[in-house]
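Everything below concerns the one structure shown next.
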There are 2 protein chains.
Amino acid sequence: MRLSDGVEWGVHVCVVLATLPDDAALAAAKLAEYHGVPAAYLAKHLQVLAGAGVLRTVKGARGGYRLARPPADITVLDVVEAIDGEESAFRCSEIRRRGPLAMPAREYTKPCGIHRAFSRADEVWRAELAKTTIADLLIGLLHDVPRTALEKGARWLQESAR
Amino acid sequence: MRLSDGVEWGVHVCVVLATLPDDAALAAAKLAEYHGVPAAYLAKHLQVLAGAGVLRTVKGARGGYRLARPPADITVLDVVEAIDGEESAFRCSEIRRRGPLAMPAREYTKPCGIHRAFSRADEVWRAELAKTTIADLLIGLLHDVPRTALEKGARWLQESAR
DNA sequence: CTTTCTCGGATAGCTAGTATCCGTGTTATG
DNA sequence: CATAACACGGATACTAGCTATCCGAGAAAG
Ligand code: FES
Ligand code: FES
């Protein structure tokens with residue numbers, strides 16, 4: 001079981017966009033350059049994030065992407081569900097209906113116990129991801145990253161943003 | 001992100017084996033027939049579960065598989081980790097080291113904030129799965145399944161077990 | 001010694017994720 | 001209005017991991 005790489009990219013992009021001034025946007029190509037990932041592929045994920053209401057697109061010349069909401073209102077879970085989907089990793093294939101124990105379909109009213117166990121696990125996983133917002137990550141970054149690097153990043157963004 | 005089908009099969013197999021008498025074993029082919037899944041493929045997963053110490057193999061004629069421990073000592077997490085691996089679904093690809101913000105490698109001592117957030121989520125996911133044992137699932141099954149089906153299953157097992 | 005069964009590896013096939021490209025339409029600017 | 005810059009959306013190739021099957025070797029029971 002592996003989560004798509006696009007999920008990591010999406011979170012990183014949101015963190016970077018959170019540092020921009022409110023009225024600024026950043027082009028998809030610049031975001032790709034900043035993170036060192038293929039631009040064409042990142043663009044796909046950006047479009048999905050925009051469709052999910054996490055990012056907002058600014059069309060036309062000098063356009064780009066910006067956050068659709070304040071960083072404190074965007075959770076990691078929002079990004080995960082936009083890119084990876086909302087369905088649980090586990091899929092009950094209703095094995096219990098097959099083989100010698102098979103019963104008429106009307107007997108299977110409620111989900112099987114295994115399915116319920118995995119659903120609970122999926123719920124707490126998502127709840128934990130919902131606890132962390134983009135704003136939290138940004139604050140954490142300010143603590144972890146040395147000042148010189150922060151200033152270097154800020155300069156780069158000022159030159160690239162619109 | 002999707003969990004392997006083998007995980008579901010593994011849990012079902014453990015539940016069925018938990019109903020057997022202590023000294024009995026069930027052949028891989030019978031387990032496959034019981035669940036209506038391809039025998040050759042299920043055998044792969046059974047071998048993995050045996051290697052992980054969840055199941056025990058009984059070699060030679062009239063052999064088969066049985067649980068390695070009492071049902072109450074086998075959790076759903078044990079099965080998941082045996083078949084799907086123990087690593088988290090999220091993989092931090094150290095994007096922060098690339099692009100204009102790149103810093104010398106010695107600066108990256110502790111995992112990034114995004115990585116930590118996903119690690120926490122993965123932990124609670126596993127902790128939740130560890131709460132449910134095979135014995136719990138068996139008890140739940142006795143409540144959910146009508147008596148006639150249970151008797152049918154018991155008869156089938158008695159004819160097939162060794 | 002023969003039967004029965006697991007063991008273990010070798011090998012296709014399939015699906016979801018990865019990655020790239022290009023034509024179209026929209027907006028800012030001169 | 002003409003032009004340049006840029007997002008949009010679909011089409012397409014590649015790749016890795018999961019799905020599925022097969023068969024010979026070896027171990028235990030009778
Ligand atoms: S029947 Fe297999 S998990 Fe629901
Ligand atoms: S650098 Fe991207 S998640 Fe750690």
Side-chain angles (χ1 to χ4, degrees), chain A residues 1-10 13 17 23-33 35-52 54-66 68 80 82-85 87-91 93 95 160-162, chain B residues 1-10 13 17 23-33 35-66 68 80 82-85 87 89-91 93 95 160-162:
Chain A
M1 182 184 54
R2 213 177 124 217
L3 215 47
S4 160
D5 287 349
V7 171
E8 184 190 354
W9 302 2
V13 162
L17 291 180
D23 54 347
L26 195 56
K30 289 288 180 185
L31 280 169
E33 183 189 344
H35 293 108
V37 299
Y41 188 31
L42 178 63
K44 268 268 169 301
H45 294 304
L46 292 175
Q47 285 169 25
V48 171
L49 284 170
V54 174
L55 300 184
R56 176 178 304 175
T57 68
V58 180
K59 289 189 183 179
R62 304 213 162 193
Y65 287 92
R66 40 165 302 190
V80 169
I83 293 180
D84 197 69
E87 59 188 18
S88 165
F90 178 82
R91 289 169 68 91
S93 61
I95 275 189
S160 305
R162 307 292 167 76
Chain B
M1 184 183 53
R2 212 178 125 218
L3 216 46
S4 160
D5 287 350
V7 171
E8 183 190 353
W9 301 3
V13 162
L17 290 181
D23 55 346
L26 195 55
K30 288 289 180 185
L31 280 168
E33 182 188 345
H35 294 107
V37 299
Y41 189 31
L42 178 63
K44 267 269 169 302
H45 294 304
L46 293 175
Q47 286 168 25
V48 171
L49 284 170
V54 174
L55 300 185
R56 177 179 303 174
T57 67
V58 180
K59 290 189 182 179
R62 303 210 163 194
Y65 288 92
R66 40 166 301 191
V80 169
I83 293 180
D84 197 67
E87 59 188 18
F90 177 81
R91 290 169 70 93
S93 60
I95 274 190
S160 306
R162 305 292 165 77

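Side-chain atoms are counted along with the backbone in the values below, which use heavy atoms only and exclude waters and symmetry mates. In this text the structure is predicted, and so the values were computed from the model without any measurement. Chain identifiers are assigned alphabetically (A, B, ...) following the order of the sequence lines, protein sequences preceding nucleic acid strands; residue numbering begins at 1 within each chain.
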Would you compute the distance between atom [atom1] of [X] and atom [atom2] of [Y] and round it to the nearest 0.5 angstrom?
| X | Y | atom1 | atom2 | result |
| --- | --- | --- | --- | --- |
| B:F90 | A:M1 | CZ | CE | 13.0 Å |
| A:L55 | A:Y65 | CG | OH | 7.5 Å |
| A:L17 | A:R56 | CG | CZ | 12.5 Å |
| B:L49 | B:L42 | CG | CG | 9.0 Å |

Mind calculating the distance between [atom1] ([X]) and [atom2] ([N]) to the nearest angstrom?
| X | N | atom1 | atom2 | result |
| --- | --- | --- | --- | --- |
| A:L46 | D:dG9 | CG | P | 13 Å |
| B:Q47 | C:dG9 | CD | C1' | 10 Å |
| B:R56 | D:dA27 | CZ | C1' | 17 Å |
| B:R66 | C:dC5 | CZ | P | 18 Å |
| B:K59 | C:dG8 | NZ | C1' | 11 Å |
| B:I83 | D:dG17 | CD1 | P | 18 Å |

Using the side-chain heavy atoms of [X], tell me which of these nucleotides is nearest: [options].
| X | options | result |
| --- | --- | --- |
| B:Y65 | C:dG8, C:dT6, D:dA7 | C:dT6 |
| A:T57 | C:dC7, D:dA7, C:dC5 | D:dA7 |
| A:R62 | C:dT6, D:dA7, C:dT29 | C:dT29 |

What contact category does A:A28 fall into here, base, sugar-phosphate, or nothing, at under 4.0 angstrom with non-hydrogen atoms?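 Touches sugar-phosphate only.
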Determine, step by step, whether A:R91 and B:R2 satisfy the side-chain contact (heavy atoms from CB on, under 4.5 Å) criterion, reporting the C-alpha distance in whole Å, the side-chain angles of both residues, the deciding distance to 0.1 Å, and the verdict. CA-CA 8 Å; A:R91 289 169 68 91; B:R2 212 178 125 218; 3.4 Å; yes
Donor-acceptor under 3.5 Å (B:T57 side chain, B:K59 main chain):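 The answer is no, because no donor-acceptor pair under 3.5 Å joins these two groups.
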So which protein N/O to nucleotides 16-23 of chain C N/O distances come out below 3.5 Å?
unit_1, atom_1, unit_2, atom_2, d
C:dG17, OP1, B:M1, N, 3.3
C:dT18, OP1, A:D5, N, 2.9
C:dT18, OP2, A:S4, OG, 2.6
C:dT18, OP2, A:Y41, OH, 2.9
C:dT18, O5', A:Y41, OH, 3.2

